[in-house]
Amino acid sequence: MSSPAPWVQALLDWYARQGRALPWRRAHPDPYAVWVSEIMLQQTRVETVEPYFRRWMDRFPTVRALAQADEQEVLRLWEGLGYYRRARQLLAAAREVVARYGGQVPADPAELARLPGIGPYTAAAIASIAYGRDALALDGNLRRVLARFFGVETPVDTPAGQRELAALAQGAWPAGRAGDFNQALMDLGALVCTPRAPRCEDCPLRPWCRAYAEGRVADLPRKRGRARVPHHTVVAGVARRGETVLLAQRPAHKMLGGLWEFPGGKVEPGEDLAAALRREWREELGVDAEPGPELGVFRHAYSHFRITLHALSVLRVHGEPRPLQAAAVRWVPVSELASYPMGKVDRAIARQLQSSS
DNA sequence: GATGCGTGGCA
DNA sequence: TTGCCAAGCAT
């Protein structure tokens with residue numbers, strides 16, 4: 001076995017000294033814990049994930065414990081992390097691992113990638129970190145660090161750019177140490193080779209870095225431009241009946257799938273808030289609603305659009321609401337709102353109701 | 001290949 | 001205020 005290239009040795013030495021101690025990092029990591037952490041970390045910062053990871057592992061310490069869980073409880077534990085499909089797919093995948101693999105998380109990347117929610121990156125991460133397999137886990141950090149290190153001009157958020165980076169890095173690590181190689185580059189990307197204001201003076205790879213040598217660190221990595229996000233005006237209705245309030249559950253395969261909300265929708269051009277609310281409640285719930293005073297205005301940015309949401313009280317509901325465009329409809333005691341998983345805006349409305357009653 | 005999918009932090 | 005970014009996946 002030949003010794004690794006000098007830059008790889010420098011990287012691994014730096015990682016041994018400066019690598020972060022994280023709850024899911026162990027000398028012999030639990031594959032399930034690595035899996036959970038990798039799903040939570042998709043598009044999400046380490047600092048955000050840490051408390052969620054601890055709570056999750058306390059409640060669901062094993063694949064089997066998770067497989068037996070109720071989806072609503074899973075979503076409650078996930079509430080606030082975003083990209084809620086991850087939670088439902090993690091649950092589905094845990095059930096599959098129990099049914100097909102006897103509760104043992106697969107070690108082979110191709111096998112892992114067949115499970116819902118596990119793509120090329122996550123499969124490589126689990127296989128390399130938990131099982132020592134030789135797989136490159138090309139995440140956003142690695143793309144940025146490697147694009148700078150090798151001076152790659154191809155946009156890194158395209159398949160072509162990722163193929164190019166993978167070819168350059170493939171096999172650079174000593175056999176069996178892909179997990180350390182991957183995590184070293186992730187930590188370097190998070191701590192030193194950051195998107196803005198990289199700390200090149202502290203970088204162990206500076207002597208070999210092409211972008212640094214050519215003064216192009218600030219120009220790399222290149223990315224495709226993003227589309228501008230639209231802004232919508234939205235209305236939601238709060239109907240009280242005694243100590244209860246009406247909630248609707250969002251369809252499983254749409255945004256915020258499986259979560260509960262105060263029913264409503266987009267205000268169409270030329271429509272006022274009250275008209276939009278009446279139309280939405282007729283379409284979604286099959287009832288005639290009588291809108292009342294505004295309870296609050298909430299601004300929020302989702303992944304691909306922004307909203308200004310007006311919460312209106314609903315004074316009267318004619319008929320019994322049915323889930324025409326929702327997964328379910330329920331009159332929920334205000335005191336039990338916390339046990340219904342919600343997105344951020346609806347949780348803000350719910351908290352306002354609880355504090356004022 | 002392009003688009004849909006949350007939230008929080010930062011300039 | 002707005003845009004950009006952060007350990008991606010599914011379609």
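Computation of the quantities below employed the complete heavy-atom set of this structure, encompassing side-chain atoms and omitting hydrogens, waters and symmetry-equivalent molecules. In what follows, every chain begins at residue 1, and chains take the letters A, B, ... in the order their sequences are listed.
Between Trp7(A) and Phe149(A), the ring-plane angle classifies as tilted under the 30° and 60° cut-offs. Relative ring orientation between Phe181(A) and Trp173(A) is described as tilted, the plane-to-plane angle lying within the 30° to 60° band.
Between the CD atom of Gln42(A) and the P atom of dT7(B) there is a distance of 16 Å, given to the nearest Å. For the pair Leu41(A) CG and dG8(C) P, the interatomic distance rounds to 8 Å; values are reported in whole Å.
Side-chain to base pairing of Thr44(A) with dG8(B): no donor and acceptor N or O lie closer than 3.5 Å to each other. For Arg306(A) against dG3(C), a side-chain-to-base donor-acceptor contact under 3.5 Å is present. Residue Arg86(A) places no side-chain atom within donor-acceptor reach of the base of dC9(C), judged by atom type and a 3.5 Å distance cut-off alone.
The Arg45(A) side chain lies nearest to dA6(C) when the options are dA6(C), dG6(B), dG8(C). Taking only side-chain atoms of Arg196(A), from C-beta outward, the nucleotide of dT3(B), dG6(B), dC10(B) with the closest atom is dC10(B). Among the nucleotides dC9(C), dA2(B), dC5(C), the one closest to any side-chain atom of Pro195(A) is dC5(C). Considering only the side chain of His300(A), dT7(B) comes nearest among dT7(B), dG4(B), dA2(B). Comparing dC5(B), dT7(B), dA6(C) against the side chain of Tyr302(A) picks out dT7(B) as the nearest. Closest to the side chain of Tyr83(A), from the set dA6(C), dG6(B), dT3(B), is dG6(B). If you check dA6(C), dG4(B), dG8(C) against the side chain of His304(A), the one that comes closest is dG4(B).
Within 6.0 Å of NE2 in His253(A) there are 12 or fewer heavy atoms belonging to other residues, nucleotides or ligands.
Straight-line distance between the P atoms of dT3(B) and dC4(C): roughly 15 Å, to the nearest whole Å. The gap from the C1' atom of dA6(C) to that of dC5(B) amounts to 15 Å, rounded to the nearest Å.
At the phosphate of dC4(C), neither OP1 nor OP2 sits under 4.0 Å from any side-chain N or O atom of Lys223(A). Between dA6(C) and Gln43(A), no contact under 4.0 Å exists linking OP1 or OP2 to a side-chain N or O.
Across all strands shown, Glu47(A) has no heavy atoms under 4.0 Å from either base or sugar-phosphate atoms. At a threshold of 4.0 angstrom between heavy atoms, the contacts of Ile39(A) with the nucleic acid are absent. Nucleic acid contact class of Arg144(A) (heavy atoms, under 4.0 Å, all strands): sugar-phosphate only. No contact: Ala190(A) has no heavy atom under 4.0 Å from any strand. Within 4.0 Å (heavy atoms only), Leu22(A) reaches at least one base atom of the nucleic acid. Among the atoms of the strands shown, only primed sugar atoms or phosphate atoms (P, OP1, OP2) are found under 4.0 Å from some heavy atom of Thr122(A).
Taking the six-membered ring where the residue is Trp, the centroids of His300(A) and Tyr302(A) are separated by under 6.0 Å. Aromatic rings from Phe305(A) and His231(A) are positioned such that their centres are separated by 6.0 Å or more.
With DNA chain C read from its 5' end, the first of the two nearest nucleotides for Gln183(A) and Ile118(A) is the one closest to Gln183(A). Both Arg224(A) and Lys344(A) sit near DNA chain B, but only Arg224(A) has its closest nucleotide nearer the 5' end. Of the two residues contacting DNA chain B, namely Lys254(A) and Thr48(A), the nearest-nucleotide position lying further toward the 5' end is that of Lys254(A). When each of Gly117(A) and Trp24(A) is assigned the nucleotide of DNA chain C with its nearest heavy atom, Trp24(A) is the one assigned upstream, toward the 5' end.
Once rounded to the nearest 0.5 Å, the distance linking CD1 of Ile349(A) with CZ of Phe262(A) reads 6.0 Å.
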